[in-house]
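Notes for the one structure printed next.
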Amino acid sequence: MSDLTRMSAAALAAALRGGDVSSVEVTRAHLDRIQAVDPQVHAFLHVDGDGALEQAAAADERRAGGEDGALLGVPIAVKDILVTRGMPTTCGSKILHGWVPPYDASVVTSLRAAGMPLLGKTNMDEFAMGSSTEHSAYGPTRNPWDLHRIPGGSGGGSSAAVTAFEAPLAIGTDTGGSIRQPGAVTGTVGVKPTYGGVSRYGLVALASSLDQAGPVARTVLDAALLHDVIAGHDLMDSTSIDVQWPSMAAAAQVSDVDGLRVGVVKELGGEGYQRGVRDRFDEAVRLLVGAGADVVEVSCPHFEYALAAYYLILPSEASSNLAKFDAMRYGLRVLPDDVAAPSAEQVMAATREAGLGDEVKRRIILGTFALSSGYYDAYYGQAQKVRTLISQDFAAAFEQVDVLMSPTAPTTAFKIGEKLDDPLAMYLNDIATIPANLAGVPGLSLPSGLADEDGLPTGVQILAPALEDARLYRVAAALEAMLHERWGGPLLDRAPELDAAA
Ligand code: GLN
């Protein structure tokens, strides 16, 4: 059998189904790979080798008993913002150091039910605030394409794990782009489902009206197979949508774009976007035209204000959601120096001072201000109105076209440290991904090639109307096939070998 870690999830599932390999063998191969390369990549905050192998053995038994789930026995990595029973969950923050959740997130319950061994928890920007994974309290993750560069964020750990062949699949979460932007800069597929499509129960909330968990994978079909496992109505999440989702995997195998109406978003491109990112985007559009798609330019005039609205709405919700980290209920508790009998408030202040990083504090302060009486209408209230205008832009656009397209991120992976001291420069990475979160529509980032100037991966974003997630997979699968032809195979085949001995 060829190197198990190089195989797609779909291929692994086929091999498991055919009895060519066991889940224990597949899981062990990935654990070995993690051991060999993760000291360089640092995609994982926690690896659960014993647990994963036990779950793999159970998956093998289920197969032996005649069961045949689509991903039964295929291992997976999970972003450390989803709670996992008995396994540490830190959200990349010191304040949750040592906390072991007593329950599973619904997404994790779905993975377990599907028989997917959990390899461990992946690194992330603290409480999912960031675009580079540099805001993790446990040190940055490195981009396997170039270890001096960022893997995107906040879910850089999940994307790097999949890129470095440490896991065939991973779960990410996307509040403003944290699945799609890491996908773009690592050359992997990342999907933000329709808001409410995947349960948020047990997903530690950053901004509840924006957060959405979704698949991280190396191929469109793999992402679709995983999407099918985690999507569905959940009574534990009041914003979960009660619909019967079509099979995303089936959509990913249609791959037909003849007659498809594609809108290129005028406001998401051009100035501020790196040359090579734009070139690869234009090339992807030309491929779609060649395959019979009708491409038009579409204007979404209010997208210009999306970033500003997002950086009021997100901090507002975050300031409220993060208030629960009060030193009483979870993880860290720091007693203030020089106080003989500290009050609860003093303990809370000392704990939050020591336990939260700069970016988190910055946003809590911003959000508290934006929600304060006297400023609420001027900031939070205005941002909510902009949000409505952005939804209306989407609605108008989707009357003309079936899908919208843009580059996923304005640049390829930047260097570690390059934007760390400049929050606004960091925020601009999500300029193209944020509108989808504000409107709740689904989005997929597909690797579109390598930029000529630096040889690093670029991504195209495909957006569809709410509930039309399957359409993303149909279009992305077609484009992926054409891009594989253009690049002579999957992009990741061109990634440099990591020195396993180092
Ligand atoms: N980078 C964006 C932010 O910092 C998006 C984060 C996310 O999607 N979790 O808020």
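Here the structure is a predicted model, which is why all the values come from computation and not from measurement. Order of appearance sets the numbers: ligands from 1, and atoms from 1 within every ligand.
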What residue among T458, D279, T412 forms side-chain hydrogen bond (donor to acceptor under 3.5 Å, both in side chains) with Q274?
->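 So the option named by the test is T412.
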
So, is [X] polar-close to ligand 1, with some N/O to N/O distance under 3.5 Å?
X: G176; answer: yes
X: Y310; answer: yes
X: G177; answer: yes
X: L314; answer: no
X: L206; answer: no

Cationic N near anionic O, under 4.0 Å, D452 to R280 |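 A salt bridge links D452 with R280.
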
Could you tell me whether K361 and E353 have a side-chain N and a carboxylate O separated by less than 4.0 Å?
->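 Here K361 pairs with E353 in a salt bridge, since their nearest N and O are under 4.0 Å apart.
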
Inter-residue atom distance T89.OG1 - D80.CG, 0.5 Å rounding |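 The OG1 atom of T89 sits 5.5 Å away from the CG atom of D80.
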
Rounded distance (nearest 0.5 Å) linking atom CG of L45 with atom NE2 of H97 =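 L45 CG to H97 NE2: 11.0 Å, rounded to 0.5 Å.
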
Flag for S199-D234: side-chain donor and acceptor within less than 3.5 Å =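 Distance-only check passes for D234 and S199.
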
Does one side chain, of T84 or K121, offer a donor that lies under 3.5 Å from an acceptor on the other?
->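 Looking only at side-chain atoms, K121 and T84 do form a donor-acceptor pair, the distance falling under 3.5 Å.
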
So is K79 in contact with ligand 1, going by heavy-atom distances below 4.0 Å?
->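 In this structure, K79 fails to qualify as a contact of ligand 1 - no heavy atom is under 4.0 Å.
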
Please verify whether a non-hydrogen atom of Y427 lies at under 4.0 Å from ligand 1.
->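 So Y427 does not count as touching ligand 1.
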
For the residue pair Y427 and Y310, is the inter-centroid distance of their aromatic rings smaller than 6.0 Å?
->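 That pair fails the under 6.0 Å test.
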
Ring center gap for F44 and Y138 short of 6.0 angstrom |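 That pair fails the under 6.0 Å test.
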
Between the candidates S132, P182, S178, which shows the shortest non-hydrogen contact distance to atom 6 (C) of ligand 1?
->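 Heavy atom nearest to atom 6 (C) of ligand 1 belongs to S178.
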
Have a look at R180, R363, M124, M426 and point out the one with the heavy atom closest to atom 4 (O) of ligand 1.
->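 Result: the heavy atom closest to atom 4 (O) of ligand 1 is in R363.
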
Between F127 and F325, what is the ring plane arrangement, given parallel below 30°, perpendicular above 60°, and tilted in between?
->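 The arrangement is tilted - the two ring planes meet at 30° to 60°.
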
Looking at atom 2 (C) of ligand 1, what's its closest protein heavy atom, distance included?
->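 The answer is D430 OD2, 3.0 Å.
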
Distance from atom 3 (C) of ligand 1 to nearest protein heavy atom, with residue and atom |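 Here the nearest protein heavy atom works out to Y311 OH, 3.3 Å.
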
Which of the atoms of ligand 1 are close to [X], meaning less than 4.0 Å from one of its heavy atoms?
X: D174; value: 8 (O)
X: M129; value: 4 (O)
X: A128; value: 6 (C), 7 (C), 9 (N)

Can you tell which part of T175 has a heavy atom less than 4.0 Å from ligand 1: side chain, backbone, both or neither?
->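 T175 to ligand 1: contacts from backbone and side chain alike.
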
Where does S154 meet ligand 1, judged by heavy-atom distances below 4.0 Å: at the side chain, the backbone, both, or neither?
->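 It is the side chain that gets close, since no backbone atom is under 4.0 Å.
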
